[in-house]
Amino acid sequence: MEAKNGTAWTLIPSSVQDIAQVRERCRRLVRRRAMISAGVSVVPIPGVDVMSDLGLFAMMIDDINKEFGLTPNQIDQMQPKFKLVAYEAAVGIGGMMVGKFVTRELVMQLFKRSGMKTMAKQAAKLVPLAGPIVSAAIGFTVFRQIGYQHVDACAVVVHELLVAHRA
């Protein structure tokens, strides 16, 4: 694929194998950040984990988008038809953070979608002894699940771009 200036386009993974490698690398990143989130969840101060999760998650989404070549700046460098394919694919699969500037508000919307688990996580902190452990486990699971969904959404968008390029 070529960028607007005619140079070879190397912003996104260029084969199915490359997509799989980037996907696995990003899933490892998600697991590492989920572990950090779980560690912060053990802290028995209400709200500390939520603020930490917002920052960690926003950075993680930016990192994942960059790995897949789907940051807003990278998408802006694409030819118009490929930009359209990228945004249509993202909208079609519900990838609300693909190719967007990630803000705390956007991350908060995503966390609110998984609201019951977040409430359970906060409630678990009130239970002595086992509460922080349960809270950490719930936090890890929610963080990982949302992160994996984003990784998969990015992989689908890049695959659609690959198909569009070959057509």
Side-chain angles (χ1 to χ4, degrees), residues 1-38 40 49-118 121 138-167:
M1 294 185 194
E2 292 186 11
K4 287 180 182 177
N5 62 4
T7 60
W9 184 26
T10 58
L11 297 174
I12 67 167
S14 58
S15 70
V16 174
Q17 294 83 7
D18 289 346
I19 294 170
Q21 288 174 350
V22 171
R23 181 177 177 273
E24 186 50 41
R25 204 168 47 240
C26 288
R27 287 175 68 92
R28 280 194 306 268
L29 171 71
V30 168
R31 287 189 297 273
R32 280 194 308 265
R33 300 275 172 91
M35 288 297 292
I36 293 168
S37 171
V40 173
D49 59 335
V50 174
M51 294 308 294
S52 173
D53 284 353
L54 288 174
L56 271 172
F57 201 78
M59 287 188 302
M60 181 183 69
I61 295 300
D62 286 339
D63 292 343
I64 292 168
N65 284 344
K66 186 175 182 180
E67 284 289 319
F68 278 101
L70 296 173
T71 66
N73 292 337
Q74 289 168 317
I75 290 175
D76 281 346
Q77 294 177 22
M78 294 179 188
Q79 292 177 358
K81 73 177 186 176
F82 294 121
K83 279 187 205 181
L84 185 61
V85 168
Y87 285 122
E88 284 178 347
V91 168
I93 59 169
M96 66 184 274
M97 292 182 291
V98 175
K100 295 197 176 155
F101 288 110
V102 180
T103 63
R104 285 183 180 252
E105 292 77 24
L106 184 62
V107 174
M108 191 57 121
Q109 281 180 334
L110 193 62
F111 283 169
K112 284 180 182 176
R113 290 168 112 188
S114 62
M116 293 308 285
K117 290 180 185 174
T118 304
K121 179 178 164 183
I138 292 169
F140 175 85
T141 302
V142 169
F143 199 98
R144 185 186 64 188
Q145 177 185 356
I146 295 171
Y148 279 1
Q149 287 172 354
H150 182 66
V151 169
D152 292 342
C154 288
V156 168
V157 170
V158 171
H159 186 265
E160 291 295 320
L161 284 166
L162 203 55
V163 169
H165 173 64
R166 292 180 179 159

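These figures come from a predicted structure and were not determined experimentally.
Residues meeting the side-chain hydrogen bond (donor to acceptor under 3.5 Å, both in side chains) test with R23, sequence neighbours left out: D152. When the salt bridge (charged side-chain N to carboxylate O under 4.0 Å, His left out) test is applied to R28, no partner is found at least two apart in sequence or on another chain. Residues satisfying the salt bridge (charged side-chain N to carboxylate O under 4.0 Å, His left out) criterion with D63, sequence neighbours excluded, are R33. Applying the side-chain contact (heavy atoms from CB on, under 4.5 Å) criterion to V22, with sequence neighbours excluded, gives P13, R25, C26, E67, F68. The side-chain hydrogen bond (donor to acceptor under 3.5 Å, both in side chains) check on R27 picks up nothing, with sequence neighbours excluded. Here E24 pairs with R31 under the side-chain hydrogen bond (donor to acceptor under 3.5 Å, both in side chains) rule; sequence neighbours left out.
From H150, atom NE2 reaches atom CD1 of I61 across 4.0 Å, with rounding to the nearest 0.5 Å. With rounding to the nearest 0.5 Å, the separation of OG1 in T71 from CD in Q77 is 7.5 Å. To the nearest 0.5 Å, atoms CG (L56) and CD1 (I36) are separated by 5.5 Å. I75 contributes atom CD1, which lies 10.0 Å from atom CD1 of I12 (distance to the nearest 0.5 angstrom). The distance from the NE2 atom of H159 to the OG atom of S15 is 10.0 Å, given to the nearest 0.5 Å. Here the CG atom belonging to L162 is positioned 4.0 Å from the CZ atom belonging to R166, to the nearest 0.5 angstrom.
For the residue pair L161 and L70, the shortest heavy atom distance occurs at CD1-CD2, 4.1 Å. Contact record, F140 with A38: CB-CB, 3.9 Å, taken as the closest heavy-atom pair. Considering every non-hydrogen atom in both V157 and A86, the closest pair reads CG1-O, 3.7 Å. Nearest heavy-atom pair, G69 versus M78, reported as atom, atom and distance to 0.1 Å: O-CE, 3.9 Å.
With contacts defined as side-chain heavy-atom distances shorter than 4.5 Å, the pair I64/V30 qualifies.
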